[in-house]
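The next block holds one structure in the form of structure tokens; read it before the comments.
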Amino acid sequence: MYDLSSDLEKPEQEYYLQPVEPGRSHSAASTCPVGFSFGGEHLWDRFSVFVLFSDGSIYLLCPVVPIGSAYRWEAIVEIYNDAHTFGLKSSNSRAVSNSSLAIAWLESTFPEITHQDSGGTSIMLRAQLYVPFDASLCLQGPLCKVCHGEEDDGFESQGSKCEGRAVSFLYNSISKDSVLVTAYSSGQLQIDALADEIQPVWIVGSAPRLSVNSHDQIHGFAMICESNTDDFSVVKLHQPLDQHVWLGHSPPLLRLAIVDLALPRHTDSDSLLSLFADPLIPERIFCMHGGGVDSIVLHFLPFTSQTTGKDESVRAPSVYPVFSTCHGHNYLPSPLSGFVALADPFGYSWIVGVTSSRECIVLETKGWDARLPHHIDWEKFTSDEVQDVDTPDIISKELLSGPKVVLVPQASPNLRAVTADSIEGRSALHQYFKLFQENYVEYAHKVWFELKDHGAHLKRIVDDQHGRLGEVHQRLLNIEEKQPKLENRINRAVEVNKHLEERLRTLRNLPGARKKPLSRSEREFKAELDRFTGLELDALRSSIETLSARLRKHSQSSKSNASSSPKQMPGRRKNHIPDPQISDLLSAVKKLSLVNSENTQKVKLVESALQSKESST
């Protein structure tokens with residue numbers, strides 16, 4: 001951290017990070033920091049610095065404050081009283097020790113805090129240089145997910161579910177929630193929220209290195225920030241407050257969502273993503289990538305929804321492309337060199353982007369409904385077509401506040417008796433005219449010049465409004481012209497609907513529609529007939545024909561044997577079939593023919609029923 005007003009080369013504060021994670025290998029890739037972000041206006045978050053490493057792990061330092069920075073009195077008093085209430089009065093000796101270090105740091109960094117009676121809502125406190133001689137800041141982390149039970153692994157990294165390596169990081173304070181957004185090279189965004197408050201933690205016994213001037217005054221320091229390997233306990237849900245407040249635990253992360261931007265895959269290099277927060281709508285986050293800029297809107301915040309009393313369901317964030325440089329399969333690897341989101345005094349958000357060819361893109365996002373992407377054609381967008389627009393500045397606050405209050409000098413009691421022609425009267429009038437000239441006349445001239453400069457700009461705005469009004473009027477005329485046609489189409493649709501309802505009513509009154517449904521036995525018999533018809537009818541017919549042929553052949557052979565009556569050869573037995581067997585065989589054949597005829601009739605009935613059903617449908 002540098003103070004450029006005093007020294008451009010030597011830093012004011014130096015923090016050497018030494019991350020240590022239990023159960024993991026210490027490789028150069030996993031311990032490489034890729035981004036950092038300062039905290040927001042929320043308790044100890046304003047004195048916190050979040051550091052992102054390439055493997056997705058997040059660490060934090062607290063407290064870190066630039067020397068000479070200004071803070072509101074109420075914010076410092078709030079955390080000061082909190083340390084007294086929940087720290088010094090705790091029954092845990094460790095909580096008392098940590099809160100004592102925090103109170104000493106607050107009283108030394110902001111000496112005015114000890115005199116709370118002299119404080120007010122408009123007082124700003126400036127941070128003074130203070131360094132404890134026997135303690136250094138603890139590198140808290142890695143921040144782990146919140147646990148629901150004993151089976152949860154407290155040291156599981158939050159970034160393990162995202163592909164690629166971490167490339168960008170953003171902290172965003174939204175009402176009661178502290179949201180952390182991590183961007184990965186695969187185009188995925190991991191959105192988490194702090195499930196607990198941040199607390200300052202020091203490691204006692206690790207002395208910092210101080211830099212003093214010729215007068216033995218400290219003007220800089222450096223310290224080694226190590227992780228606390230003795231305590232890696234994780235805060236769990238529904239845990240009592242006195243079991244984790246001021247005990248030096250790192251705040252856990254509560255997973256909100258993982259957003260996949262569905263960026264094109266590249267073989268040459270990974271995509272670089274940059275994250276920016278909307279200055280007016282904190283729930284909206286902008287992400288710049290190779291294909292343009294996307295807007296991510298958060299619909300669910302756990303602590304904010306709980307505080308406001310809204311019973312909202314957990315909704316996934318919405319992703320809308322703000323503008324895109326991808327047209328079809330054409331993709332530019334790095335069309336934007338820079339991007340920033342701004343806010344103007346009229347309550348509008350502006351997006352300003354700079355291309356690699358030194359061209360500027362300005363877009364206006366007025367509210368939540370800016371969802372249609374702006375496609376930019378880089379072939380047609382040349383510098384020759386850009387017109388210089390001289391937009392005058394906004395009217396100064398000095399003119400908006402009005403002229404200065406003129407203090408009329410006290411006049412003598414006998415001033416009313418003095419005439420204007422006298423020396424005293426002329427002197428009083430000259431003094432009054434001088435005051436009027438210095439205040440009101442000069443103010444009127446300033447207003448006149450301001451309005452004159454803004455005249456062209458206001459004229460363009462009025463012309464634009466008139467043009468939009470004319471377009472709306474023309475659209476209304478077109479709607480009035482199309483209204484009779486729409487009414488005719490609606491009437492025709494109503495008539496067709498009535499006609500269809502009448503036809504449906506007529507079809508319902510047909511005899512076929514009133515048939516009784518088949519009973520269970522009838523359905524079973526029909527299924528059996530269908531089975532015979534589809535599978536066994538051909539085999540049954542062939543078997544009947546075979547048996548009939550064999551019967552005819554047997555009857556003919558028996559008749560021929562009876563008529564010829566050959567002589568019996570000696571030494572041979574008679575091979576005649578008894579008459580009872582022949583009669584039994586004939587009776588069986590007759591029964592089989594009867595069954596065959598009955599099955600044939602049933603098959604014909606089923607076929608006729610099926611034909612009638614097909615014709616009716």
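These values consider heavy atoms only, across backbone and side chains, with no hydrogens, waters or symmetry-generated copies. Just so you know, residue 1 is the first one in the sequence shown, and it goes up from there.
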Residues Y15, Q13; criterion side-chain hydrogen bond (donor to acceptor under 3.5 Å, both in side chains); working and verdict: CA-CA 7 Å; Y15 300 94; Q13 305 175 30; 2.6 Å; yes
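- With hydrogens and angles ignored, the 3.5 Å screen pairs no side-chain donor or acceptor of S69 with any backbone N or O of V65.
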Check against side-chain contact (heavy atoms from CB on, under 4.5 Å), F133 and L210: CA-CA 9 Å; F133 293 96; L210 305 179; 3.4 Å; yes
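- By the 30° and 60° cut-offs, the orientation of the rings of F169 relative to F50 is tilted.
- Looking only at distances, no side-chain donor or acceptor of E112 sits under 3.5 Å from a matching main-chain atom of W73.
- Using a distance-only test at 3.5 Å, with no hydrogens or angles considered, no donor-acceptor pair links the side chain of E163 to the main chain of Y184.
- At distances below 3.5 Å, not a single donor-acceptor pair connects side-chain atoms of D134 with backbone N or O atoms of G205.
- A side-chain donor-acceptor contact under 3.5 Å links N98 to the backbone of W246.
- Under the 6.0 Å cut-off for aromatic ring centres, W105 and Y80 do not qualify, their centroids lying 6.0 Å or more apart.
- The shortest non-hydrogen separation linking P200 to A102 is CG-CB, 3.7 Å.
- A donor-acceptor pair shorter than 3.5 Å cannot be found between the side chains of Q128 and Y130.
- Counting only distance, with no hydrogens or angles, the side chain of N92 and the backbone of R94 share a donor-acceptor pair below 3.5 Å.
- N81 places a side-chain N or O within 3.5 Å of a backbone atom of V77 that can act as its donor or acceptor partner.
- Counting only N and O atoms by type, the side chains of K10 and S211 include a donor and acceptor under 3.5 Å apart.
- With hydrogens and angles ignored, the 3.5 Å screen pairs no side-chain donor or acceptor of S57 with any backbone N or O of F53.
- Residues L60 and L143 meet the side-chain proximity criterion, which asks for heavy atoms closer than 4.5 Å.
- Smallest separation of non-hydrogen atoms from V131 and P208: CG1-CG, 3.6 Å.
- Looking at S97, its side chain never comes within 3.5 Å of a backbone N or O of S93 through a donor-acceptor pair.
- When atom types are taken as modelled, the side chain of N172 and the backbone of A277 share no donor-acceptor pair closer than 3.5 angstrom.
- Counted by atom type alone, H42 and E197 present one or more donor-acceptor pairs between their side chains at under 3.5 Å.
- Taking all atoms of both residues into account, the shortest heavy-atom contact from G220 to L129 is N-CD2, 4.4 Å.
- Residues that satisfy the ring-ring contact (aromatic ring centres under 6.0 Å, His included) test with F38, not counting sequence neighbours, are F36.
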